[in-house]
Amino acid sequence: MAEKNYRVATQLVHQRQDRDPYTGAATVPIYQASTYHHPEGKPGSYDYARSGNPSREQVEQAVALLEGARYGFACASGMAAIGTALSLLKSGDHLIAPEDLYGGSYRYLTQLLPDLGIEVSYVDFTAVEQIAAAINPRTRGIFIETPSNPSFLVSDLRAIVALAKQHQLLTLLDNTFMTPLLQRTIELGVDVVIHSATKFLGGHSDLLAGIVVTDDEHLAKRLKRFHNGFGAVLGPFDCFLVSRGLKTLKLRLDAAQQSALTLAERLREHRAVKRVIYPGLDDFAQRKLHFSQAGGAGAVLSFELKDAGRVSDLLRDVHLPIIAPSLGGVETILTHCWSMSHAAMPVEVKQRLGIGAGLLRISVGIEDVEDLWEDFYSALN
Ligand SMILES: *Cc1c(COP(=O)(O)O)cnc(C)c1O
């Protein structure tokens, strides 16, 4: 496909490489091979599949293109992508992160990084001065997730990037929630963007995948070294699934986002509901900041029941949503964060972050919103 600045819906379908260069097949084949022939003993474009293969390269380039960056690294899961991104730090370094991280990231940062000799400080990312105050001579990076989940705290990306540049710190951002369609953070100056492609990019709850993206050539070299050296790379078949999922990302996200607003507005009016947290609502606390750096509210919302004791009744009485940790699928997913996505987080931290036992998260799918509402409405009653 010719290099041209196509609009995002077009990029998603054509993905920089939209056909097999050898046969003209309408999709890039699943190159299910571990190694590649070296004619006369010399490697060609590919030598061994861990180092690179056409199926993987295609999806890496597709996501990099969407993020407005040059380099992508497809990993075996979102956590493998986070581990790959954090390989840019080494023993003795210090990282600043928000406490209200995705549960798996919280586990990685609190339990695994310290064993590697990397110290992490957790501060309130809604207050940039707290990030500034946590910087010490060993600080190398700032890890960002905005909006956070399930509390939907928004970090001021422009202010954090400015702070990082002033102190020559790396900025690493988990953009899983917003996707490159809604939040283009490389353009805002973020160095490394991470996705769990398990979620919206794949979009069908049928694979685990992660992608790390950067536009910095030097960082890309270091990421490639770890990606290849550590080897938690994405297999060819899963690359195909990500590529296939990407083609409909805009359609799926637009539809799900619209339904999320409808559900958020209706849930807010229900007498059993204490509060609804969704960036698209007019009473969302950090609405102005969120929309200054993101093009949409996304397809995930949280709501809290007045009576936390009724959560089990609700989980018993809803029929359509799959009740599970995860998000970003075509099917609606209902998560009890307390016991599922944030199980790895100590109770006192959950309480401090407002993740109460009565809080539920809905990742809105692309079902008919009236069916979803009827289901939630009858279960709430
Ligand atoms: C799911 C998720 C991850 C981890 O991704 P896996 O593919 O499950 O390893 C990381 N960050 C966020 C925000 C997520 O939602």
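Indexing begins at 1, ligand by ligand and atom by atom, following the structure's order. Here the structure is a predicted model, which means the values were calculated and not measured.
- Screening residues 48-62 for salt bridge (Lys or Arg N to Asp or Glu O under 4.0 Å) gives Arg56-Glu60 as the qualifying pairs, with residues at least two apart or on separate chains.
- No salt bridge links Arg275 with Asp283; every basic N to acidic carboxylate O contact stays at or beyond 4.0 Å.
- Under the side-chain contact (heavy atoms from CB on, under 4.5 Å) test applied with Val161, the options Asp191, Val190, Ile144 reduce to a single match, Val190.
- A donor and an acceptor atom, one from each side chain of Ser105 and Glu145, are nowhere located under 3.5 Å apart.
- Using a 4.0 Å heavy-atom criterion, the residues that approach ligand 1 are Ser77, Gly78, Met79, Ile82, Tyr102, Glu145, Asp174, Thr176, Ser196, Thr198, Lys199, Leu208, Ala209, Leu327.
- For the residue pair Gln286/Thr126, the side-chain donor-acceptor check at 3.5 Å is not satisfied.
- In this pair, Phe152 and Phe177 present their aromatic rings perpendicular. The plane angle is above 60°, beyond the 30 to 60° band.
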